[in-house]
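Only one structure is covered here, and it is reproduced in the block below.
Residue numbers start from 1 in every chain, and the chains themselves are labelled A, B, ... in the order their sequence lines are given, proteins ahead of strands.
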2 protein chains.
Amino acid sequence: MMKSIHDLTEALDRTLELVVLFNDDMQQELARLGLSVPRAHLLWLLHHNGPMTQRALSDALDVTPRNVTGLVDGLAGTGFVTREQHPTDRRATLVSLTEQGATTLAAMDESHKELARRLFADMPSARLASFVSALADVTARLREARS
Amino acid sequence: MMKSIHDLTEALDRTLELVVLFNDDMQQELARLGLSVPRAHLLWLLHHNGPMTQRALSDALDVTPRNVTGLVDGLAGTGFVTREQHPTDRRATLVSLTEQGATTLAAMDESHKELARRLFADMPSARLASFVSALADVTARLREARS
DNA sequence: TATTGTTATACTCTATAACTATA
DNA sequence: TATAGTTATAGAGTATAACAATA
């Protein structure tokens, strides 16, 4: 069986459908925790790296320092993070998770695992492995196509 | 081989990686055409449905009427659409693609096909079919998990 | 009365540019 | 002189609420 252009665009359309669904799902899930995607991304960085300067956050998030000021303002205002003095550099600010922030991250980890189970637990091992491998292929192609 | 929770979260992480990549890619591609994702979504609706009232656009995009006013303002200002009188209902506005808008949509269709080729043309038929089928599974699971 | 789209207002995320304090 | 973060300003996308014109 030859592949037609239709088969190829169908694969892309299905992929995009999943992309849109995941976006919506993420946004709704986070909204229930009082978070947006950019704010959750920042929290996630703190969760994995420990306290960070705003400069480091700016680099990691690939947004301007000004933008980080705004995100941290929001997260501090809603109790997820605190600003503290940098021990040696008095220009810099260290942003740390509060207990509430850490608790929220733990909840996100849990619901991440829960989602993984709901999506993949019933999938036969071989099928799952083949899916993951195909995903890796597509991801690599997309990366190439862009650089 | 038993699946571990690690296998499941790895599958989810790979999926999310792809979601993020696609989002970035889409955004960059559209930016080159002078468009954002929400504006492109509106154009796409006009492309597939013909001229629509703002009310119909509001329903289809699932945003407020006020938001549609803003999106149409932007798209009209950059020459992608025009506002015209509704033939029978003098309250309503019909939004139509300009020639520039139609041309842009055609270009989007082309680059959509091009991307489909780059991502999937080299994939063996059987592997592609299995990937699409797994995507459909995951999409269905995600839909269930939410309702 | 109900509907269409607008004005008024506000919040989040994003950017650039100018500035302060510190290194 | 360079760096960290802020204030000032701006624009896009989102929302609610009040309102005008029309059905």
Over how many whole Å does the gap from [X] atom [atom1] to [N] atom [atom2] extend?
{"X": "A:L61", "N": "D:dA4", "atom1": "CG", "atom2": "P", "result": "15 Å"}
{"X": "B:D62", "N": "D:dT14", "atom1": "CG", "atom2": "C1'", "result": "12 Å"}
{"X": "A:D59", "N": "D:dT3", "atom1": "CG", "atom2": "C1'", "result": "12 Å"}
{"X": "A:L57", "N": "D:dA4", "atom1": "CG", "atom2": "P", "result": "12 Å"}
{"X": "B:L35", "N": "D:dG13", "atom1": "CG", "atom2": "C1'", "result": "15 Å"}

In sequence, state the C-alpha distance, the side-chain angles, and the governing distance for A:R14 and A:E17, and then conclude on side chain to side chain contact (heavy atoms under 4.5 Å, CB included).
CA-CA 5 Å; A:R14 291 271 189 201; A:E17 188 184 354; 4.2 Å; yes
Bend of the helix from C:dT1-D:dA23 to C:dA23-D:dT1 from end-axis comparison, five pairs per end, nearest 10°, comes to 20°
A:S4 side-chain N/O to A:D7 backbone N/O, donor-acceptor pair under 3.5 Å:
yes
Could you list the residues that satisfy ring-ring contact (aromatic ring centres under 6.0 Å, His included) with A:H6, not counting sequence neighbours?
none
Salt bridge between A:D73 and A:R83, side-chain N to carboxylate O under 4.0 Å?
yes
Among residues 77-94 of chain B, which residues get a heavy atom nearer than 4.0 Å to DNA chain D?
B:T88, B:D89, B:R90, B:R91
Which of residues 40-56 of chain A have a heavy atom under 4.0 Å from DNA chain D?
A:T53, A:Q54, A:R55
Considering residues, nucleotides and ligands other than B:Q85, do more than 12 of their heavy atoms fall under 6.0 Å from its CD?
no
Assess the residue pair B:R118 and A:E144 against the criterion (side chain to side chain contact (heavy atoms under 4.5 Å, CB included)); give the C-alpha distance rounded to whole Å, side-chain angles, the decisive distance to 0.1 Å, and a yes or no.
CA-CA 9 Å; B:R118 267 193 282 190; A:E144 280 167 31; over 6 Å; no
Please table the atom pairs, donor to acceptor, closer than 3.5 Å between any side-chain atom in residues 42-51 of chain B and protein atoms at least two apart or in another chain.
| from | atom 1 | to | atom 2 | distance (Å) |
| --- | --- | --- | --- | --- |
| B:H48 | ND1 | B:W44 | O | 3.2 |

Nearest 0.5 angstrom please: A:F120 CZ to B:L8 CG, how far?
8.0 Å
Between atom CG of B:L12 and atom CG of A:L115, what is the distance when rounded to the nearest 0.5 Å?
5.0 Å
D:dG5, OP1 or OP2 - any side-chain N/O from A:T69 closer than 4.0 Å?
no
Might you work through the side chain to side chain contact (heavy atoms under 4.5 Å, CB included) test for B:L18 and A:F22, ending with a clear yes or no?
CA-CA 10 Å; B:L18 189 66; A:F22 259 101; over 6 Å; no
Linking I/L/V/M/F/W/Y whenever any side-chain heavy atoms sit under 4.5 Å apart, do B:I5 and A:L105 land together?
no
Taking distance alone, no hydrogens or angles, what donor-acceptor pairs closer than 3.5 Å link side-chain atoms of residues 131-141 of chain A to residues at least two apart or in another chain?
| from | atom 1 | to | atom 2 | distance (Å) |
| --- | --- | --- | --- | --- |
| A:S133 | OG | B:R127 | NH1 | 3.4 |
| A:S133 | OG | B:R127 | NH2 | 2.7 |
| A:D137 | OD2 | B:R127 | NH2 | 3.2 |
| A:T139 | OG1 | A:L135 | O | 2.8 |

Distance-minimising heavy-atom pair for B:K3 and A:A121
NZ-O, 2.7 Å
Would you indicate what B:S58 reaches in the nucleic acid, counting non-hydrogen atoms under 4.0 angstrom: base, sugar-phosphate, or nothing?
nothing
Which part of the nucleic acid, if any, lies within contact of A:V68, taking any heavy atom under 4.0 Å across all strands shown: a base, the sugar-phosphate backbone alone, or nothing?
nothing
May I have the list of side-chain donor-acceptor pairs in residues 58-72 of chain B shorter than 3.5 Å, sequence neighbours left out?
| from | atom 1 | to | atom 2 | distance (Å) |
| --- | --- | --- | --- | --- |
| B:S58 | OG | B:V63 | O | 2.7 |
| B:T64 | OG1 | B:N67 | N | 3.2 |
| B:T69 | OG1 | B:P65 | O | 3.3 |

If you walk 5' to 3' along DNA chain C, what is the first nucleotide with an atom under 4.0 Å of a heavy atom in chain A, and what is the last?
C:dT12 to C:dA23
Would you tabulate the nitrogen or oxygen pairs shorter than 3.5 Å linking the protein to nucleotides 8-11 of chain D?
| from | atom 1 | to | atom 2 | distance (Å) |
| --- | --- | --- | --- | --- |
| D:dA8 | N6 | A:R66 | NE | 3.4 |

Please list all pairs passing the side-chain hydrogen bond (donor to acceptor under 3.5 Å, both in side chains) test where one or both residues lie in residues 88-102 of chain A, with sequence neighbours left out.
A:H86-A:T88, A:D89-A:R91
Ordered by number, residues from residues 21-31 of chain A within less than 4.0 Å of DNA chain C (heavy atoms) are none
Please report the C-alpha distance between A:V95 and A:T82 in whole Å, then the side-chain angles of each, then the deciding distance to 0.1 Å, and finally whether the side chain to side chain contact (heavy atoms under 4.5 Å, CB included) criterion is met.
CA-CA 6 Å; A:V95 183; A:T82 53; over 6 Å; no
Which residues pass the side-chain hydrogen bond (donor to acceptor under 3.5 Å, both in side chains) test with A:T104, not counting sequence neighbours?
none
Any B:V20 side-chain heavy atom under 4.5 Å of A:H41 side chain
no
